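Written below as structure tokens is the structure these notes are about.
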Amino acid sequence: MPLLRVATWNINSLRLRIGLLDRLVEALRPDVICLQETKVPDELFPAEALRPLEFPHTVFRGMKGYNGVAILSRVPLAVHEIAPDWCGKGDCRHIAATLRTPRGPLELHNFYVPAGGDVPDRAENPKYGHKLDFIAETRLWFAARTGLARSILVGDLNIAPLENDVWSHRQLLDVVSHTPAEVAGLTAWMQAGFIDAVRHFVPADQKLYSWWSYRNRDWRQSDRGRRLDHIWVTPDLKPALKSQAILKDARDWPQGSDHVPVCVEMRV
DNA sequence: ATGGTCGACCTTCGA
């Protein structure tokens, strides 16, 4: 099992869209699926309904109504209780696991970063402050992890850092997800120990999105997308990277999420 | 310039 494919998807309700996971598996053939916005408390996690998918190893952290993250895996894994309770909120926005691969353990982090509300102003909008505080905390925490290696960080990070990660850099400078403060915060976090595994394959001058708003009648025609979903790896894994895929067609799945799956293949 | 659409859940909130 030298090739490992890791997919990340904001599923926007696991119970509502559980049937779409078959399509994801068929299209991407992932070994590991990281989900965000599962919106299901742990005691209601649909383990039985997931069984036919044949991802026997699962870890999850959910709550009622909001947030929630899960990892479905064909590779044995165990929860890695290592990270703090970000911003002391008790939110279910992060789960870490250790994957047991034939060539040694891999550390995997699955994040759902706060969306941050509508107004990009700390005083006026506490959600925006929470988002900036969250990514500052995660940056400091990873920066303190000296010797971090063989690690993968994925998730809905709710920030599009590059000019071509949004449909119009100029028009989104004041829109939460692409403000200079968020971009600086996310970039500093990544540079605390990771490289962008998707942009490793796609030049920065090329438009690349993973999310299109529900509020566009014809999302494909208007194509006002943003790249909010990311896969980062520690630099030691850079030579291991083999390919990336963003499953744009998933945006047209029946009753689909507003996010599409992102996947990276690596030889680990 | 504005409003546009979802999901969860109890009527409005979060995205």
Side-chain angles (χ1 to χ4, degrees), chain A residues 8-21 23-24 34-46 49 60-70 86-94 110-122 124-135 154-161 165-168 170-179 181-183 185-186 209-230 247-262:
Chain A
T8 178
W9 189 30
N10 180 323
I11 194 170
N12 189 10
S13 175
L14 173 57
R15 285 175 291 181
L16 184 69
R17 292 186 231 282
I18 195 164
L20 296 180
L21 287 169
R23 293 173 182 247
L24 187 157
C34 297
L35 300 171
Q36 304 87 35
E37 282 206 270
T38 54
K39 297 185 179 178
V40 60
D42 289 349
E43 62 272 23
L44 296 177
F45 188 82
F60 42 85
R61 182 166 293 150
M63 60 194 286
K64 184 177 177 174
Y66 311 105
N67 308 329
V69 285
W86 307 111
C87 300
K89 287 203 171 275
D91 282 348
C92 300
R93 296 183 175 276
H94 176 212
N110 179 16
F111 273 97
Y112 174 52
V113 170
D118 288 331
V119 182
D121 182 290
R122 273 183 176 278
E124 202 176 325
N125 170 21
K127 290 179 196 165
Y128 184 69
H130 175 218
K131 183 179 195 176
L132 294 178
D133 292 343
F134 188 100
I135 61 175
V154 312
D156 175 4
L157 306 185
N158 264 316
I159 297 170
D165 289 339
V166 293
W167 63 276
S168 168
R170 189 178 56 83
Q171 287 179 257
L172 271 76
L173 276 172
D174 203 33
V175 172
V176 175
S177 71
H178 193 62
T179 64
E182 291 169 272
V183 168
L186 189 77
Y209 314 136
S210 65
W211 173 89
W212 291 261
S213 172
Y214 282 128
R215 299 180 190 182
N216 286 320
R217 279 249 162 257
D218 187 341
W219 69 274
R220 202 184 281 275
Q221 195 277 324
S222 59
D223 201 23
R224 295 185 168 191
R226 305 176 201 172
R227 189 170 72 108
L228 305 179
D229 304 275
H230 299 274
L247 196 53
K248 188 173 178 180
D249 287 348
R251 189 62 180 77
D252 273 332
W253 287 347
Q255 201 169 28
S257 170
D258 45 355
H259 295 254
V260 301
V262 178

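By convention in this document, chain letters (A, B, ...) are assigned in the order of the sequence lines, proteins followed by strands, and residues within each chain are numbered from 1. Note that the structure is a prediction, hence the values are computed from the model and not measured.
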Give me the distance, rounded to whole Å, that separates [N] from [M] when you measure between the [atom1] atoms they each carry.
{"N": "B/dC6", "M": "B/dC10", "atom1": "P", "value": "22 Å"}
{"N": "B/dC9", "M": "B/dA15", "atom1": "P", "value": "14 Å"}
{"N": "B/dG7", "M": "B/dT11", "atom1": "C1'", "value": "14 Å"}

Between [atom2] on [N] and [atom1] on [X], what's the gap in Å once rounded to a whole number?
{"X": "A/Ile11", "N": "B/dG7", "atom1": "CD1", "atom2": "C1'", "answer": "13 Å"}
{"X": "A/Lys39", "N": "B/dC6", "atom1": "NZ", "atom2": "P", "answer": "13 Å"}
{"X": "A/Glu37", "N": "B/dC9", "atom1": "CD", "atom2": "P", "answer": "13 Å"}
{"X": "A/Tyr214", "N": "B/dG3", "atom1": "OH", "atom2": "P", "answer": "22 Å"}
{"X": "A/Asn12", "N": "B/dA8", "atom1": "CG", "atom2": "C1'", "answer": "10 Å"}
{"X": "A/Lys131", "N": "B/dG14", "atom1": "NZ", "atom2": "P", "answer": "15 Å"}
{"X": "A/Trp212", "N": "B/dC6", "atom1": "CH2", "atom2": "C1'", "answer": "17 Å"}
{"X": "A/Leu16", "N": "B/dT5", "atom1": "CG", "atom2": "P", "answer": "18 Å"}

Side chains of A/Asp229 and A/Ser210, donor plus acceptor under 3.5 Å: yes
Complement of B/dG4, any strand, by Watson-Crick or G-U distances under 3.5 angstrom: none
Nucleotide opposite B/dC10 in a Watson-Crick or G-U pair, distances under 3.5 Å: none
Parallel, tilted or perpendicular: ring planes of A/Phe134 versus A/Phe111, cut at 30 and 60 degrees: perpendicular
Any donor-acceptor N/O pair under 3.5 Å between B/dA15 base and A/Arg215 side chain: yes
A/Arg61 and A/Asp91: CA distance, side-chain angles, deciding distance, salt bridge (charged side-chain N to carboxylate O under 4.0 Å, His left out) verdict: CA-CA 9 Å; A/Arg61 182 166 293 150; A/Asp91 282 348; over 6 Å; no
Nearest-nucleotide comparison on DNA chain B, the residue closer to the 5′ end among A/Gly117 and A/Thr38: A/Thr38
A/Arg15 or A/Asp156, whichever maps to the more 5' nucleotide of DNA chain B: A/Arg15
Sugar-phosphate only, base, or nothing, as touched by A/Arg93 at under 4.0 Å among non-hydrogen atoms: sugar-phosphate
Sugar-phosphate only, base, or nothing, as touched by A/Arg224 at under 4.0 Å among non-hydrogen atoms: nothing
Candidate pair A/Lys127 and A/Asp118, rule salt bridge (charged side-chain N to carboxylate O under 4.0 Å, His left out), full reasoning: CA-CA 9 Å; A/Lys127 290 179 196 165; A/Asp118 288 331; over 6 Å; no
Ring-ring centroid check A/Trp9 A/Trp253, cutoff 6.0 Å: yes
Residue A/Ala115, side-chain atoms from C-beta onward, closest of B/dT5, B/dA8, B/dA15: B/dA15
Nearest-nucleotide pick for A/Lys64, side chain only, options being B/dT5, B/dC10, B/dA15: B/dC10
[X] side-chain N/O to [N] phosphate OP1/OP2 under 4.0 Å:
{"X": "A/Gln255", "N": "B/dC6", "answer": "no"}
{"X": "A/Arg17", "N": "B/dG7", "answer": "yes"}
{"X": "A/Lys127", "N": "B/dG14", "answer": "yes"}

Stepwise salt bridge (charged side-chain N to carboxylate O under 4.0 Å, His left out) check, A/Arg122 with A/Asp133: CA-CA 10 Å; A/Arg122 273 183 176 278; A/Asp133 292 343; 2.7 Å; yes
